[in-house]
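Structure first, commentary second.
Throughout, protein chains are lettered first and strands after them, A, B, ... in sequence-line order, and every chain is numbered starting at 1.
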Protein chains: 2
Amino acid sequence: MISERQLKILEAIISDFIDTAQPVGSRTISKKYPLGISSATIRNEMADLEELGYLFQPHTSAGRIPSDLGYRLYVDSLVREHTIGSRDKELIQSLLLNKIIEASDLAKQAVKLLADFTKLVAVVSIPKFNKCRLANLKMVKVSDTKVLLILVTDTGIVKNIQLSLSNTEQFVLDKISDTMLSHLMGETIENIDVRSILKIKEKLNMLGNVVDYLIPILKDALKSLNGTELYVDGVSHLLSTYEFSDTEKAKSIFEFLNDESQLVQLIENMPPNQLSIKIGSEIGFEALDDCSMVTSSYKVDGNSGGSIIIIGPKRMDYGTVVSTVNYISNTLSDVFSGIYL
Amino acid sequence: MISERQLKILEAIISDFIDTAQPVGSRTISKKYPLGISSATIRNEMADLEELGYLFQPHTSAGRIPSDLGYRLYVDSLVREHTIGSRDKELIQSLLLNKIIEASDLAKQAVKLLADFTKLVAVVSIPKFNKCRLANLKMVKVSDTKVLLILVTDTGIVKNIQLSLSNTEQFVLDKISDTMLSHLMGETIENIDVRSILKIKEKLNMLGNVVDYLIPILKDALKSLNGTELYVDGVSHLLSTYEFSDTEKAKSIFEFLNDESQLVQLIENMPPNQLSIKIGSEIGFEALDDCSMVTSSYKVDGNSGGSIIIIGPKRMDYGTVVSTVNYISNTLSDVFSGIYL
DNA sequence: TTTAGCACTCATTGATAGCGAGTGCTAACA
DNA sequence: TGTTAGCACTCGCTATCAATGAGTGCTAAA
């Protein structure tokens, strides 16, 4: 078991390391932090903390660096959540509420805010459209071969899907759209299947052949809503970070962050909890062994919605990151749930 | 004046420097390149080329590096445009044609292709919507306070604009949309002004108050189409580039590339020519003093359209970059001009 | 139990010397 | 007169080595 005093020393060491990114020696602690004990005592305690696995030395005559286990303890019991200033809250609200209508724009704005506030890398995924309920639907003729299908959810989110459809007049599209809408309004997108479309065909028997043609196309289009869409920002912040001033390391993380399929995996492996912090190898991706990751998922109408991820060095300012992620996550929940309609 | 032989030597030096990123010595040239002259002769010529300003030495006992003037000569008279393989052409065509309908998606795809092919940083801006002609128009109710305005050009490009509009029923929106479309079809977007909207109001006198409310909103919305929208990709390629393995340099370029207003300036300062290559300080932005930039603008129906930029180290493979930029530029011209409708 | 003192470790820094890639110059050669 | 071999010279780079100092662990005294 770890003593109260050891905990205080560990906290001091991690705080100092977060500031300086340099191995912390016993003298530094005894001088900077008013613990009322000498460097020799601290040395003894440090030796114990190392034996317990919370610290390690990069080499014999250097100070200590927190291990992943040390960070774990720090994160679990020592980090105090920062409170966000009211001006920052206003800024976030003003940028996320009322102005934005398309899911993708919302995500872009949110991911930019996260990256700006934390000065780290942010990733945001948008809710799978599946669980949302249909509130409006239009088809717009774009050219002789292309039609834009516009879906609006009851939560005020818009999604555009492009269909390839041989020459069809706009008034025909209007007719089909209206009929579809009257039948499908209020359904969740995932419940719209071939059966419900067939029903619509009956109503439109005069246009039968167009609808026949449309069914497989719609099916495909709706399937495409299953993918995870994600947005990344703040990657350049990594370059200002001491840990990644080694170009090789920076590059491998850059490549990871540019690989959409890896990020999707990352999101799929996320713990479903409201908020989670993973440190180094806990993340389970070699490219991120030197990073910590704060994740959260926001809900849409109580259902699982999208994800938020912050990636940065292990010595990130967890307090600020956690509070920012929480605040933006809650705001996104509200926006996507249509609270501000 | 520069002799034929000096030109050959200069070409060899620049080729070698492009390969190795190391100062090139006279012995290297005499061994690697079959010019049939000894290193001593080459040394004499190199001294002359340095006096003429085409080369310089980083220090006395080092080989030569091309100066900006040297690159200029190389680019102007020595670079041969590479030809793109037919498989690559097919790839580009398949990814840019037929499938994409929204201007932003098109730009994203194009910028990704450019970055992938050149292994450098690519920037693409999309045409100002102003000059396009209206082919279709719909308003879709999204929530009690929001409406989505969808504009389709005769070139098959779609643009979404969100309007804040107090509770209006969809059938009213439909009526307004239809009337607007019948009056505005074929107009260029920039020609749609308050006067033409007022005319529409007359036709819709039963809905006068809604239209009154709509006019200033539409005016704002159309004004927003004036901005330059741009997309960036391939930034991580810079990290693999020897010149920018110094983190400080990389960071300053990264920050430049993340600053949209700087990029807009860059585009506005672009020469209007079909294709242009600027080297180092010619670009006029300090952050890019160590870079070269290849730019091109593509046309939409003969009018000025959007811009394409490639940014990389001065020792980039100009031949490949030029051919890639040209090919994608032409393809974008075609797509935006609606040739593949 | 704490701490002062001390010997020990080892990364970092700075000075120094040698190496070698490259130059410019000169003199001989075609 | 242009080309080239030869040679002395320059100077950045690397390796070596000693001094420095921040840090440790251990011991013995308070």
Between C:dG22 (C1') and B:Phe56 (CZ): distance, integer Å
16 Å
May I ask you to decide whether B:Glu11 forms a salt bridge with B:Arg80, counting only side-chain N to carboxylate O separations under 4.0 Å?
yes
Taken to the nearest whole Å, CE/B:Met46 to C1'/C:dC25 is 17 Å
d(CD, A:Glu45; C1', D:dT24) in whole Å:
16 Å
Side chain of B:His59 - closest among D:dC11, C:dT23, D:dT4
D:dC11
Return the 5'-most residue of the pair B:Gly36, A:Thr28 with respect to DNA chain D, ranking by each residue's nearest nucleotide.
B:Gly36
From D:dT4, C:dG24, C:dC6, pick the nucleotide closest to the side chain of A:Arg43?
C:dC6
Rounded to whole angstrom units, what separation is found between the CD1 atom of A:Ile65 and the P atom of D:dG23?
12 Å
In whole angstrom, give the distance that lies between atom CZ of A:Arg27 and atom P of C:dG5.
13 Å
Residue A:Gln57, side-chain atoms from C-beta onward, closest of D:dA5, D:dG25, C:dT2:
D:dG25
Closest heavy-atom contact between B:Leu239 and B:Ala250?
CD2-CB, 4.2 Å
Determine, for A:Asp76 against A:Arg72, whether the closest basic-nitrogen to carboxylate-oxygen distance falls under 4.0 angstrom.
yes
In terms of side-chain heavy atoms of A:Arg5, which of C:dT2, D:dG25, D:dC11 is nearest?
C:dT2
Nearest-angstrom distance from the residue atom CD1 of B:Ile9 to P of D:dG2:
15 Å
Between atom CG in A:Asn44 and atom P in C:dA4, what is the gap in whole Å?
13 Å
Quick one: which of D:dT4, C:dC10, C:dT23 gets closest to the side chain of A:Thr60?
C:dC10
Please classify the nucleic acid contact of B:Ala40 as base, sugar-phosphate, or nothing, using heavy-atom distances under 4.0 Å.
base
Length of the line joining B:Ile29:CD1 and C:dG22:P, which is rounded to integer Å
10 Å
Does OP1 or OP2 of D:dG23 have a side-chain N or O of A:Arg64 closer than 4.0 Å?
no
Do B:Phe254 and A:Phe254 have ring centroids that are under 6.0 Å from one another?
yes
May I ask you to decide whether B:Arg315 forms a salt bridge with B:Glu243, counting only side-chain N to carboxylate O separations under 4.0 Å?
yes
Among D:dT24, C:dA21, C:dA4, the one nearest A:Ser38 by side-chain distance
C:dA4
Options C:dC10, D:dG25, D:dC11, nucleotide nearest the side-chain atoms of A:Ser61:
C:dC10
How is A:Ser26 classified with respect to the nucleic acid when contacts are heavy atoms under 4.0 Å: base, sugar-phosphate, or nothing?
sugar-phosphate
